[in-house]
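These numbers come from the heavy atoms of this one structure, side chains and all, not from hydrogens, waters or symmetry mates.
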Amino acid sequence: MTGSIYLIIVEFSLFLHVFCLPLTPTAGLLRGARPMGLSEIADSIKRFFRFRSDSAALIDREIGFQTLIESLGDGIIFSDREDRIILVNSRMASLSGYSVDEMRGRPSDELLLPKNERGALMERTNRRLRGISERYEILLMRKNGERFWAEINATPIYNSKDKIIGTLGAVTDITQRVEAVQELTFQKEFLRKVIDTTPSPIFAKDSNGVFTLANEALANLYDTTVDRIVGHHNREFSADPVQVERFLAEDLQVIAEAIPVVSPSVRTTNRRTKVEQWFHTIKVPFRAHNGGDVQVLAIATDITERKQIEESNAQLQAQLMQSQKMDAIGKLAAGVAHDLNNSLAAVTGHLNLLQSDPSLSADVAHSVDVALSGCARASSLIRQLLGFARQGRYAPHTLALADAVGESVEFLGRVVGDRFKLVIQCDSKVPAISADDAQLQQVLTNLIINATQAMPNGGQILLNIGTCIVGSNELFNAQAKSGRFVTLQVQDTGTGIAPEYLDKIFEPFFTTKSPSTRTPKGIEAGGSGLGLAMVYGIMQHHGGWAEVSSRVGVGSTFTLFFPQACQQQLEKLTDQIEIHGTGGTIMLIDDEPTLVDLGSQFITRAG
């Protein structure tokens, strides 16, 4: 029967006192007390005034009233229109720290509030004088200055003429309850600050995928606020429906099986920074309260930096493996080329001997010429293999890369045709390098011819010369030293190279061209797969290396790294010495008997 009130009417000598008290558990102690409605209260007041001349009855009523208010568990205080206390019970005296006699006749705000706060209680009293009943919480003060929280249920008191003659209040000490609420509020705010300060996204979702909890880190990831996340579905914050369904499947697994689920590597895009991030996510089941549905609680740790380091290490490892693989292939190519070269030398030499025989018929001479032509092509392939294996003939000397590139471009410009524009860009103060002119021209020829073939409709080929400082060069060339390098980039805007071919592009005999590929001038340029392998080998021999980057449909960029020439490095000159024989013995030495025999025949024929 919460909300019912008791009517208590007492008349002291000059005042009529009508008390309307809330129903409390202690009200059951009152004999004859019963809950009354507002209409019954009004009727009772009228009946009281009708019989108030009966003094004996009034005395009995006053005695009964005193017994009643003392039996209540709340403090009772009755004040007149000027807020002077007329009557209090012992519970109210105990709450305030004053005696009953000390409280009677004094203003309630003077006893229960500091001077600077009394206006608040006076305003409440004025509301009562306007006929307003209310329940409110207020911080009161005891006689010793100690503060305590009180809940006051106050109502105006009327006489028989419906005139307000005072105020009745029931005062309950709620300090423990308020402090408990304050502690809970503090703990809630503390936990809120903890999860919002945590840099890792923290969230909870129900079985439908609706967020029930989110922190600031998650809001920043989704470029929104916490309030806009809670109560909304995951799909509202993700542009990847497949990822959303996978998240929901994980959530349902956590709820159904009551086990944690770990996602070690989840990729998502930060909607605020537009940067791709990686997260390690752990999801666990939990209940928000007793009897509540099982939900999913998750924390996502940002592992983007770790992922980048892993990818960088993997890339460096791949580069090292590629370098080691190319070195092994080079050694294999050197052995094969050496054996082939010996065999081919024997064939070519004997064909030359036949060709020098004046008694050969025309048909046989023609066959010898065709055979020698085939041997020449085979010899060219062997030279390229030896160049890749870094066992060819090199005559390096100090030169300015820009000058060497300019000379090559002047020659190659006539080869590639008018549909292609060769542009050279060079940084200022590019240091000199030590290189072989012929080998450098071979590298440029291969790269520029490849670029023209990648641009069937013509275009621009940019050759950019610059410098850079590189460390850990052993990843690219075991013989390279750390320091300053001169770079040459050959960039086209052609069809590009597919990603799956990039790690094989420098391998011997690997090619994506058909055997019939030709340059715009009609020069045969396809099929062998040794052009870029030779570029790789020449650069390795020069103490540098070659790299490639490409995007399909955008173009390719080949970057050559040349070590800077030392200041004391002098140009090496090779003098040709003419030998004149004056008779004597010639010693001919070779590890191939066929070549020794061939050499002997040539020397004998030479006289």
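Residue Gln308 holds its CD atom at 11.0 Å from CD1 of Ile303, rounded to the nearest 0.5 Å. One distance of note links CG of Asn234 with CG of Asn208; it measures 12.5 Å at 0.5 Å rounding. Atom NE2 of residue His280 and atom NZ of residue Lys307 lie 11.0 Å apart, to the nearest 0.5 angstrom. Interatomic distance, CD of Gln460 versus CE of Met455, reported as 8.5 Å (0.5 Å rounding).
Here salt bridge (Lys or Arg N to Asp or Glu O under 4.0 Å) pairs that include residues 239-250, with residues two or more places apart or in two chains, are Arg246-Glu250, Glu250-Lys283. Residue pairs meeting the salt bridge (Lys or Arg N to Asp or Glu O under 4.0 Å) criterion with at least one partner in residues 264-277, sequence neighbours excluded, are Asp223-Arg272, Arg267-Glu276.
No option in His541, Met534, Gln540 other than Met534 meets the side-chain contact (heavy atoms from CB on, under 4.5 Å) test with Ile538. For the ring pair (Phe, Tyr, Trp, His ring centres under 6.0 Å) with Trp545, the lone residue among Phe506, Tyr536, Phe485 that qualifies is Phe485.
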(request) Please step through side chain to side chain contact (heavy atoms under 4.5 Å, CB included) for the pair Val254 and Val284, ending with a clear verdict. (result) CA-CA 6 Å; Val254 172; Val284 297; 5.5 Å; no

(message) Go through it in stages, so that I can follow the logic: the residues are Phe558 and Gln489, the test is side chain to side chain contact (heavy atoms under 4.5 Å, CB included), and I'd like the CA-CA distance, side-chain angles, deciding distance and then a yes or no.
(response) CA-CA 6 Å; Phe558 286 85; Gln489 290 185 325; over 6 Å; no

(request) Give the intermediate values and the outcome of side chain to side chain contact (heavy atoms under 4.5 Å, CB included) for residues Leu213 and Leu297. (result) CA-CA 9 Å; Leu213 172 71; Leu297 177 64; 4.3 Å; yes

(request) Could you go through the side chain to side chain contact (heavy atoms under 4.5 Å, CB included) check for Leu447 and Ile461 one step at a time? (result) CA-CA 10 Å; Leu447 293 180; Ile461 301 174; over 6 Å; no

(message) Would Glu216 and Asn220 count as a side-chain hydrogen bond (donor to acceptor under 3.5 Å, both in side chains) here? Give the steps.
(response) CA-CA 6 Å; Glu216 289 292 341; Asn220 291 335; 5.1 Å; no

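Proximity of a side-chain donor or acceptor of Asn215 to a complementary backbone N or O of Leu218 within less than 3.5 Å is detected. For the pair His233 (side chain) and Arg235 (backbone), a donor-acceptor distance under 3.5 Å is present. Looking only at distances, a side-chain donor or acceptor of Thr445 sits under 3.5 Å from a matching main-chain atom of Gln441.
The shortest distance between side-chain heavy atoms of Asp436 and His397 does not fall below 4.5 Å. Residues Val443 and Leu560 have side chains in contact (heavy-atom distance under 4.5 Å, counting atoms from C-beta outward). Proximity of Leu401 to Leu440: side-chain heavy atoms (C-beta onward) are separated by under 4.5 Å at one or more points. Using a 4.5 Å cut-off on side-chain heavy atoms (C-beta onward), Ile299 and Pro201 make no contact. Ile497 places a side-chain heavy atom less than 4.5 Å from the side chain of Val548. Asn450 is listed as a side-chain neighbour of Leu532, based on a closest heavy-atom distance under 4.5 Å. Looking only at side-chain heavy atoms (C-beta outward), Val266 and Ser263 come within less than 4.5 Å of each other. Side-chain contact check for Val490 versus Thr559: every heavy-atom pair is 4.5 Å or farther apart.
Scanning both residues, Ile465 and Ala402, for their nearest heavy atoms gives CD1-CA, 3.5 Å. Between Thr268 and Phe279, the closest heavy-atom pair is CG2-CE1, 3.6 Å. Contact detail for Thr225 and Ala219: the closest heavy-atom pair is C-CB, 3.8 Å. Of all heavy-atom pairs between Gly209 and Lys205, the closest is O-CD, 3.8 Å. Here the closest non-hydrogen pair linking Ser238 and Gln243 is OG-OE1, 3.7 Å. Between Ala435 and Leu399, the shortest heavy-atom distance links the atoms O-CD2, 3.6 Å.
Annotation: His366, atom NE2; neighbour count of heavy atoms from other residues, nucleotides and ligands within 6.0 Å does not exceed 12. Within 6.0 Å of CD in Glu257 there are more than 12 heavy atoms belonging to other residues, nucleotides or ligands.
Defined by atom type and a distance below 3.5 Å, a donor-acceptor pair is present between the side-chain atoms of Ser550 and Ser556. Counting only N and O atoms by type, the side chains of Asp302 and Thr304 include a donor and acceptor under 3.5 Å apart.
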